[in-house]
Visitor: 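The structure follows.
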Amino acid sequence: MFAARTDLNDRQREAASFGDQPLRVIAGPGTGKTTTLTARVEYLLDSGIDPERILLLTFTRRSAREILNRVHAIRANAHVHRVSGGTFHSVAHHTLRRHHTVVGLSDCFGVLDQSDAADLLDLVRSDLGIVSNERRLPKKNTLAALYSRTVNTGEALSDIMAEHTPWCADRRDQVGHIFSAFVARKRALGLLDFDDLLLYWRAAVEDETVGKKLGAVFDHVLVDEFQDVNKLQLDILMGLRRCDSRLTMVGDDAQAIYGFRGASPRFLLDAQDYFAGLVTITLNVNYRSSGAILKVANALGADAPEGFCATLREDKPVLGASAPRLVHCADERHQSEVVADRVLELYEEGVALQNQAVLFRASHHSADLEIELSRRRIPFIKYGGLRYLEAAHVKDLLAAFRLADNPRDEMAWFRLLQLMPGVGPARARRAIDALRDGDKSLPLSFEDIQGRWPEALDHVPLDTRDGSTRLIDALTPRAHESPMTHAQRICDAIAPFIVASYEDAVARLEDLGALVLACGDTTRLSDVAAEQVLEAPTSTGDFAGPPMVDEDWLVLSTVHSAKGLEFDAVHLIHAADGNFPSDMALGSPEGLEEERRLFYVAVTRARRHLDVYVPLRYHHHRVRDEHSWAQPSRFLSDAVRQTLEEQLHTSPRIEAAKLTALAPIAGPALVEGRLSKLW
DNA sequence: TAATGGGGGTTTTTT
DNA sequence: ACCCCCATTA
C-alpha cells in the first residue's frame, strides 16, 4: 500500500497524498519530480479512483509511459495501463476523434505536422499572388513559426511581429491575409495542424455544456513540466477544471525552455491567479548530482536576474564523482577528439556509454563529433534534430494514408503526384484541377475520384500512367478490408516509385513496412498517420533499430531533447558565445534568460561527471584558413568558473601546424655533413 | 513550358 | 534536409 513507501521524503509524501485542492509542486532538477508524480498516481489509485478517470498530461509520450511503467512495477495487479495520458496534442487528438461531431469536424480529418503546415502556408501565399522572393517577406518556416506563436499566445499579430520579426513588421497585412487564407484552406481540405488540435479542444472545453461534460470525465488532472505550458494550454486546463478543483501541476521555473512555442514560466509562477485555493509545495533536495555539480547549477541560477525558485540542496555525497571541468580546446575538430578521449576514459573507469551523454544547443553542433565517433567505431544514438519521420519516403506514405480517408486533402495529392517521374508542381496542380467538380472542390469519395481520373491522366506523362492508376486503385478502399490490408496495398503501389528514386531503397522500404505494421489496431488510416506524426520516434535509432549491433551506445542529444533525462556523465560541447547562448536568441532579454535556463538544464542532467567544452577557434569555410576566435559562453561568469576546474588542452595537430612558422633548419647540409663522416 | 539535376550555402529549440 | 539559382533535357 501507499503508506508503506519509505523512499519518499516528507515533502514528496505530502505532495503525493495531497487532497482535492489545486496543487502546485515546484520541483528543481533531480528532486524526485517523477517519483512524486508516480507516487501521487499510486496514491489516487489506492484511494479508489478509477484509472480511466485520471488524466496525466506530460511533455512527451515517453515520460507518460515512464511514470505509468513505474506505477505498474510497484503494483503489478493494477489496471494502470488504463490511466489516460499523453501530450496535450495527443490527448487533444484522441478527444477530437472521439467527439468529432460535437466540435463540427469530420471523423476523417488529417493532421499536418509543422513542415506540412509550412508547405500549405507557402501554397496559400502563392495562390494569393504574394511573391516570396521579395525582400522582407518571411519565408514559409518563419511564417509557420509566426502563426503558431500568435495562436498559442493569443496575442495580436502586430505585437508578435514587432517583437520577433521586426525586419518585416511592415508586411503585417499581407501576413494576416496569408494566415486567414491558411485557416480557410485547412478547413476546406479537412486538415488540422498541431495548433488546431489545441484550438478545437479549447473551443470544446470552453463551451459551457460540452466543457462540463469533457471535464467531468476526469476526477484528477495531473500536468508535468507546467513551466512549458502556453496560454492556449492553460485555457484548456481552466476549461477542463471549470467545475472541479482537482488539478496537480508539477514544474520548475528554472527549466522553462519552450518560449518559442509560446510557453512562459509566468503561468506556473502566477498559477494562484488562475486556480483558486492553490497550495504550493517546493522540492529542493537533489538526489541526482554531486555536490560539486550542484554548485555549478546554483552559481548559474544566482546569475539569473530574477533568480530561480528553488536553490538545490545536496542530499548525501554522490560516490565516484569527479570535479566538474571547463575544457578549452583548440577548435571544433580538436573538441571532437578530446570528447571522444574523455568518453573512452570514463568508459574504462566503468561508466557505460549509455550513461554518458554529449549535449549541445543546436542539432548540427554534433556533426563533427559524429564523424569522429564513427571513425573510432564508438556507437552512438542521436536525439533531437532531424527525425526519420521527416524523411521524404515516410512522409509520402503518411500522405497516402491521409488521402485514403480524405480525398479532399490537396496537400497529400500534391505530394503523391510529384512522386511520379515527370510530374512536378505544374503538372501535379493541373491533374488536381482536373479532379475537381464544377464548384472547385475535390470529390468526397474515391468512387467519384475514379470517375474523374481519366481526365487527370492527361496531365501525367505516358510512361507513368500505369503506375499512377495503380496508386489510385490502391487508395480506393474496398469493402470489408482491414486498415492494415489497405495500408499494405497502398505501400505496394508506392514501392516502385521509391525504388526508382532512391539509392538506398531497401532501407526505406523497411521503414514503410514498419509503418504498415503500425496500422494493426486502428480503424482509420488517417488516425495512424496522425498518431505517427504526434508520437514521432525521438531519435535516429528508434525507427530503424540501433545504429549498430552493440548493446551499448553513447547518447548525443540537443539540450531540449535531454529534458527530463539524467546521465552519470555529461559532456556539454560548443559552450561558446553565439552557439550557447545561440545568437538567434540574443534579440531580447527574455530570449537570453531562456538560453540561461537551457544551460542550467544541460548542467543538471549530470550525476557524477560534468565536462564543459569551449573551442577557441571556429573555421567558417572549408577554404583556406578563415576563422574567428570564440568567446566562452557568457554564462560561464567568474562566479560560475570558480565552480569549475579549468583545463587547457593543446592539440598535437595544432602544435604540429605551428612548426611551419619556425625558421627552417639547414636540412640537406646537416644530413650530408653527418653522412660525410662515414666515408 | 516543365521537370530535373547539380552546386553552393544554411540550418535554434519541438508537439 | 532545406532553399535558391542555373543549366540541361524532354
Side-chain angles (χ1 to χ4, degrees), chain A residues 57-63 86-93 111-119 122 132-133 139-142 144-145 148-149 152 164 192-198 201 225 228-230 232-233 256-263 359-367 383-395 417-418 420-430 459-464 501 530-536 538 540 557-563 574 578-587 591 594-595 597-599 601-602 620-623:
Chain A
L57 287 164
T58 52
F59 209 71
T60 62
R61 191 65 73 88
R62 183 179 57 194
S63 52
T87 62
F88 274 88
H89 290 87
S90 75
V91 173
H93 176 241
V111 175
L112 300 175
D113 70 17
Q114 173 93 340
S115 74
D116 293 329
D119 288 343
D122 211 38
S132 68
N133 60 9
K139 298 222 188 328
K140 63 177 186 177
N141 288 312
T142 313
S148 207
R149 200 187 264 270
N152 278 287
H164 296 102
L192 301 185
D193 63 19
F194 284 159
D195 299 323
D196 288 325
L197 294 171
L198 300 185
W201 192 16
E225 309 279 13
D228 289 319
V229 155
N230 62 36
L232 181 48
Q233 292 166 324
I257 55 175
Y258 281 89
F260 65 93
R261 247 167 54 181
L359 303 184
F360 33 88
R361 172 65 179 90
S363 169
H364 65 271
H365 286 165
S366 67
Y383 290 84
L386 280 175
R387 302 212 166 86
Y388 265 86
L389 203 69
E390 279 154 29
H393 60 294
V394 175
K395 299 205 71 168
L417 288 170
Q418 289 185 77
M420 332 249 148
V423 180
R427 283 179 186 152
R429 182 161 274 211
R430 283 204 294 260
H459 304 283
V460 180
L462 282 170
D463 51 342
T464 49
S501 42
E531 289 285 332
Q532 288 295 321
V533 166
L534 287 168
E535 196 184 0
T538 49
T540 49
S557 176
T558 59
V559 182
H560 281 91
S561 294
K563 169 181 220 186
H574 285 297
N579 281 332
F580 207 161
S582 163
D583 45 18
M584 312 287 288
L586 299 181
E594 181 152 312
E595 296 285 308
R597 296 190 293 262
L598 198 53
F599 205 99
V601 168
H620 292 305
H621 303 287
R622 288 215 192 110
V623 291

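All chains are named by letter (A, B, ...) in the order of the sequence lines, taking the proteins before the strands, and each is independently numbered beginning at 1.
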Visitor: Taking CZ from A:Arg597 and P from B:dT13, how many angstroms apart are they, rounded to a whole number?
Guide: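 Value for this atom pair: 18 Å.
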Visitor: Measuring from A:Phe59:CZ to A:Thr87:OG1, what's the distance to the nearest 0.5 Å?
Guide: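 One finds 9.0 Å between CZ of A:Phe59 and OG1 of A:Thr87.
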Visitor: The side chain of A:Ala426 lies closest to which of these nucleotides: C:dC3, B:dT14, B:dA3?
Guide: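 Selected nucleotide: B:dA3.
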Visitor: Check every atom of B:dA2, B:dT15, B:dT14 against the side chain of A:Phe260 and return the nucleotide holding the closest atom.
Guide: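 Among B:dA2, B:dT15, B:dT14, the one nearest the side chain of A:Phe260 is B:dT14.
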Visitor: How many Å lie between NE2 on A:His89 and P on B:dT15, as a whole number?
Guide: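 It works out to 9 Å between those atoms.
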Visitor: What is the separation between atom CE on A:Met420 and atom P on B:dT4, rounded to the nearest whole Å?
Guide: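 Computing the A:Met420:CE to B:dT4:P distance gives 12 Å.
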Visitor: Taking atom types as modelled and ignoring hydrogens, do the side chains of A:Ser115 and A:Lys395 form a donor-acceptor contact shorter than 3.5 angstrom?
Guide: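 Checked: A:Ser115/A:Lys395 side chains pair up, N/O donor to acceptor below 3.5 Å.
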Visitor: Give a yes/no answer on whether the side chain of A:Ser561 brings an N or O atom under 4.0 Å of OP1 or OP2 in B:dT13.
Guide: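 No, outside the criterion.
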Visitor: Would you mind classifying the nucleic acid contact of A:Pro425 as base, sugar-phosphate or nothing, using non-hydrogen atoms under 4.0 angstrom?
Guide: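 The answer is sugar-phosphate, as A:Pro425 gets under 4.0 Å only of primed atoms, P, OP1 or OP2.
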Visitor: With sugar-phosphate meaning primed atoms plus P, OP1 and OP2, does A:Phe88 contact a base, only sugar-phosphate, or nothing at under 4.0 Å between heavy atoms?
Guide: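 Nothing, no nucleic acid heavy atom in range.
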Visitor: Find the distance A:Leu417:CG to B:dA2:P and express it as a whole number of Å.
Guide: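 Checked: the CG to P distance equals 16 Å.
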Visitor: Which comes earlier along DNA chain B counting from the 5' end, the contact point of A:Arg149 or that of A:Arg430, where each point is its nearest nucleotide?
Guide: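 Checking each residue's closest nucleotide, the 5'-ward one belongs to A:Arg430.
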Visitor: Less than 5.5 Å between centroids and less than 30° between ring planes, does A:Tyr258 satisfy that with B:dT14?
Guide: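 According to the criterion (under 5.5 Å, under 30°), no, A:Tyr258 does not stack.
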Visitor: Of the nucleotides B:dT15, B:dA2, B:dT13, which has the atom closest to the A:Arg261 side chain?
Guide: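 Given the options B:dT15, B:dA2, B:dT13, the side chain of A:Arg261 is closest to B:dT15.
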Visitor: Under 4.0 Å, counting only non-hydrogen atoms across every strand here, what does A:Val423 touch: a base, just sugar-phosphate, or nothing?
Guide: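 Sugar-phosphate only.
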Visitor: Mapping A:Met584 and A:Ser148 to their closest nucleotides on DNA chain B, which lands nearer the 5' end?
Guide: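 Nearer the 5' end of the strand: A:Met584.
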Visitor: Roughly how many Å is it from CG in A:Leu534 to P in B:dT15, rounded to a whole number?
Guide: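 After rounding, the reported distance stands at 10 Å.
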Visitor: Hey, can you tell me if A:His560 and A:Tyr258 have their rings parallel, tilted or perpendicular (30° and 60° cut-offs)?
Guide: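 The rings of A:His560 and A:Tyr258 stand perpendicular, inter-plane angle above 60°.
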Visitor: Should A:Ser115 be listed as having a side-chain N or O under 4.0 Å from OP1 or OP2 of C:dC2?
Guide: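 So the side chain of A:Ser115 is outside the cut-off, no N or O lying under 4.0 Å from OP1 or OP2 of C:dC2.
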Visitor: Nearest-Å distance, NE2 (A:His364) to P (C:dC2)?
Guide: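 Atom-to-atom, A:His364 to C:dC2, this comes out as 17 Å.
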Visitor: Please confirm whether the shortest side-chain N or O distance from A:Arg429 to OP1 or OP2 of B:dA2 is below 4.0 Å.
Guide: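 For B:dA2, neither OP1 nor OP2 has a side-chain N or O of A:Arg429 closer than 4.0 Å.
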Visitor: Describe the nucleic acid contact of A:Gln114 in one word from base, sugar-phosphate, nothing, applying a heavy-atom distance below 4.0 Å.
Guide: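 If one applies the 4.0 Å heavy-atom cut-off, A:Gln114 turns out to touch a base.
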Visitor: Check the pair A:Leu57 / A:Val91 against side chain to side chain contact (heavy atoms under 4.5 Å, CB included), numbers first and verdict last.
Guide: CA-CA 8 Å; A:Leu57 287 164; A:Val91 173; 3.8 Å; yes
Visitor: Hey, could you give me the CG/NE2 distance between A:Leu359 and A:His574, rounded to the nearest 0.5 Å?
Guide: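 Answer rounded to 0.5 Å: 12.5 Å.
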Visitor: May I have the distance from A:Asp195 (atom CG) to B:dT15 (atom P), rounded to whole angstrom?
Guide: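 After rounding, the gap between these two atoms is 14 Å.
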Visitor: Counting only side-chain nitrogens and oxygens, does A:Lys140 get under 4.0 Å of the OP1 or OP2 atom of C:dC3?
Guide: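 Looking at the OP1 and OP2 atoms of C:dC3, one of them is under 4.0 Å from a side-chain N or O of A:Lys140.
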Visitor: Between P on C:dA1 and CG on A:Asn141, what's the gap in Å once rounded to a whole number?
Guide: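 Roughly 15 Å, once rounded to whole Å.
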Visitor: Which residues pass the side-chain hydrogen bond (donor to acceptor under 3.5 Å, both in side chains) test with A:Ser148, sequence neighbours left out?
Guide: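 Scan of A:Ser148 (side-chain hydrogen bond (donor to acceptor under 3.5 Å, both in side chains), adjacent residues dropped) gives A:Asn152, A:Asp195.
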